[in-house]
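Step one of this worksheet: look at the structure below.
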Amino acid sequence: FKPYTRVSEYLPWLAYDDTSQTFVLDGNYVGFTISALPLSSFDSTIAKRFAQLLKYEYPKHSYLQFNLLVLDDVSDHVVAMLKAREGDKDPLIAEATAKTVDFIRRGASGGAQGLAVRNSTLLISFKMPTQEMLPNEEELLLVQKIKREILEILNTIGFSQLRVANDTELAYQLSQILNRSKDASWRQGRNPVDESVFIRDQILDYDATVTVKEKAVRVGDSWITSLSPKKLPHRSYFGIAERLSVDPISGDRGIPCNHMISATVKFEDISEMRPRLERNRQYYRNYADGPFGRIRPEYRHRHEDWSHLMDMVGEGEQVHRFSLNILLFSGSDQEAERHSTTTRTYLNEVGFAFMEDAGVTFNMIRSNLPLGPEKNDQRDLMRLRMNYTLAIATFMPVFFEWRGTKTPLISLVGRGGQVMGFSPFDSGTNYNLTVSAESGAGKSFFSNELISAMLATGGRVWVIDVGRSYVKLCESLGG
């Protein structure tokens, strides 16, 4: 027999405590994960609230992660839509509903030409070091306190559908990330975790062999490519992260495949960081003021950067380590290369200089999975760079297209592919609406779909029509 290495031995998730809603992690860590809907808009106040989230007094060398998953899991949306339309048994309406479901599923699987249907989820994870493998009572109380505070701040920021993930939910999300085949187990729904086995041993499907290449990792039928920024935009603003996944205006440019964008913040002790920051500033000042400064102007720029960082610390900002990463999921090595080139070209227009991670791809994938970072990543991967909290907040990947209202009475697709539900009854006031657009944009088509969906719930519809656009639908449905 040929010897092999178990991939699960490199993964951190060991066990889950239902009482404290925390995970015991390899390497003497404890943590938790929160799921939410991504933000679809922002204003100036959200940036300040985000900065407060990063300024919280976290334990030294703890991690806060944001994972934006833009994948092809539309199962929850389809189930909710079918449930909303189960009030009428008319065969024509049932056939229309079945075709809508097929349209969404084919779009998510890539079977609908010119359409890529996606669904986004945001995972916010926190992990802190513990003295022993199992956290003591004091450490458990501390991590629960931090969880309550983070939930409160996230709610204040405006995140919706905030939920603390249990072991079943986390295993489901991790399985989505790593098992990308058409027959992956997660596509059959959420399966309870076996408490007698480590969580990490239940993530990969049995047929998902892992092959590590120089610039990609093959897991079963899927190729995973890792991209990291060699250079961040020289000037940033809160909201630039809205453009990481897709152009929010046109929708015709962006990351062309299923992907995950991750930001990791490693919290440092500012009292220990301050002398190091001052040494770096003085180091580059000596070069900038000397003969090398005239030959190499970048020394002056670096001195200005370190001086600005020290000025921000003087104004009350904290300095932490931060990394940004994108994982691309493709069906072949040629497709992976094409997706990587397209993504890098698009993000270069936004101001980011992303490059493929060569030679460390597996460790980059592990490090950017929820609750995945380890203490040696800073030394081994060298992706964590220092910055102050207000700047770090601008790069948080927490934005994607609006997912619509709570009830998917009808299904729409956003410019970037986000599957979107809509119901006029998901309103805190009245149920009135107006449909307006230029000629030929699809007003009548939308209205016909809304009428059919209303009838599918068992409702009744009256149409006052001047242009006779609804005569055929009325006759077809026996009106």
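Keep in mind that the numbers below use all heavy atoms, side chains included, and drop hydrogens, waters and symmetry copies. One-based numbering along the sequence shown.
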Would you find more than 12 non-hydrogen atoms of other residues, nucleotides or ligands less than 6.0 Å from [X] atom [atom1]?
X: Glu195; atom1: CD; value: no
X: Glu349; atom1: CD; value: yes
X: Arg163; atom1: CZ; value: no
X: Tyr237; atom1: OH; value: yes

Holding to side chain to side chain contact (heavy atoms under 4.5 Å, CB included), I want the full list of residues that pass it with [X], two or more places apart in sequence or in another chain.
X: Thr341; answer: Thr345
X: Ile255; answer: Cys257, His259, Ile261, Ile326, Leu328, Thr343
X: Met386; answer: Met273, Leu277, Asn280, Trp306, Val319, Arg321
X: Lys60; answer: Asp269, Glu272

### side-chain contact (heavy atoms from CB on, under 4.5 Å) evaluation trace for Val70 with Asn258
CA-CA 6 Å; Val70 184; Asn258 293 311; 5.9 Å; no
Can you name the residues that form a salt bridge (Lys or Arg N to Asp or Glu O under 4.0 Å) with [X], not counting sequence neighbours?
X: Arg85; result: Glu449
X: Arg415; result: none
X: Asp194; result: none
X: Asp207; result: none

Do [X] and [Y] have a side chain donor and acceptor closer than 3.5 Å?
X: Glu356; Y: Ser340; result: yes
X: His77; Y: Ser411; result: yes
X: Asp73; Y: Ser75; result: yes
X: Asp221; Y: Ser181; result: no
X: Asn119; Y: Gln418; result: yes
X: His339; Y: Glu337; result: no

### Task
Give every residue pair that meets the salt bridge (charged side-chain N to carboxylate O under 4.0 Å, His left out) criterion with at least one member in residues 174-188, sequence neighbours excluded.
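Residue pairs passing salt bridge (charged side-chain N to carboxylate O under 4.0 Å, His left out), neighbours aside: Asp72-Arg180, Asp72-Arg187.
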### Query
Does any pair with a residue in residues 26-50 pass salt bridge (charged side-chain N to carboxylate O under 4.0 Å, His left out), and if so which ones, sequence neighbours excluded?
Asp26-Arg200
### Query
Any donor and acceptor pair, going by atom type alone, linking the side chain of Ser109 with main-chain N or O of Arg105 inside 3.5 Å?
yes
### Message
Keeping Asn368 on the side-chain end and Met364 on the backbone end, is there a donor-acceptor pair under 3.5 Å?
### Response
yes
Kindly indicate whether the side chain of [X], heavy atoms from C-beta on, has any atom under 4.5 Å from the side chain of [Y].
X: Leu14; Y: Leu25; value: no
X: Val164; Y: Leu151; value: yes
X: Lys266; Y: His320; value: no
X: His61; Y: Lys375; value: no
X: Trp13; Y: Asp167; value: no
X: Asn136; Y: Thr130; value: no

### Query
Does the side-chain hydrogen bond (donor to acceptor under 3.5 Å, both in side chains) test come out yes or no for Thr407 and Ser423, once each step is laid out?
CA-CA 6 Å; Thr407 307; Ser423 172; 5.1 Å; no
#### Entry: side-chain contact (heavy atoms from CB on, under 4.5 Å) evaluation trace for Tyr56 with Phe267
CA-CA 10 Å; Tyr56 184 85; Phe267 294 98; over 6 Å; no
#### Entry: Phe399 and Phe238 aromatic ring geometry - parallel, tilted or perpendicular at 30°/60° bounds
perpendicular
### Message
Can you tell me how the ring of Phe66 sits relative to the ring of Phe50, calling it parallel under 30°, perpendicular over 60° and tilted otherwise?
### Response
tilted
### Query
For Ser367, which of Asn376, Leu381, Val360 qualifies under side chain to side chain contact (heavy atoms under 4.5 Å, CB included)?
Leu381
### Task
Identify the residue among Leu178, Ile365, Val217 that makes a side chain to side chain contact (heavy atoms under 4.5 Å, CB included) with Val210.
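Filter result, single survivor: Val217.
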### Query
Does the cation-pi check pass for Arg344 over Phe354, that is, NZ or CZ under 6.0 Å from the six-membered ring centre and within 45° of its axis?
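The answer is no, since Arg344 fails at least one limit relative to Phe354.
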### Query
Less than 6.0 Å separating the ring centroids of Tyr63 and Phe126?
no
### Message
Measuring centre to centre across the rings, with the benzene-like ring taken for any Trp, is Phe23 within less than 6.0 Å of Phe32?
### Response
no
### Task
Can you measure from CD (Glu137) to OG (Ser20) and round to the nearest 0.5 angstrom?
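The distance works out to 11.5 Å.
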### Task
Could you tell me whether Asp377 and Arg366 make a salt bridge, using a distance below 4.0 angstrom between a side-chain N and a carboxylate O?
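Answer for the salt bridge query: yes.
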### Message
Using side-chain contact (heavy atoms from CB on, under 4.5 Å), reason through Met396 and Phe322 one step at a time and then give a plain yes or no.
### Response
CA-CA 10 Å; Met396 294 292 103; Phe322 158 78; 3.5 Å; yes
### Query
When you look at Phe352 and Phe395, which way does the side-chain contact (heavy atoms from CB on, under 4.5 Å) test go after all the steps?
CA-CA 11 Å; Phe352 295 86; Phe395 299 115; 3.8 Å; yes
### Query
Restricting to pairs with a member in residues 176-195, which pass ring pair (Phe, Tyr, Trp, His ring centres under 6.0 Å), not counting sequence neighbours?
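The answer is none; no pair qualifies.
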Side-chain donor-acceptor contacts of residues 223-235 below 3.5 Å, not counting sequence neighbours, with atom names and distances?
{"residue": "Ser226", "atom": "OG", "partner": "Asn325", "partner atom": "ND2", "Å": "2.8"}
{"residue": "Ser226", "atom": "OG", "partner": "Asp357", "partner atom": "OD2", "Å": "2.6"}
{"residue": "Ser228", "atom": "OG", "partner": "Asp357", "partner atom": "OD1", "Å": "3.1"}
{"residue": "Ser228", "atom": "OG", "partner": "Asp357", "partner atom": "OD2", "Å": "2.9"}

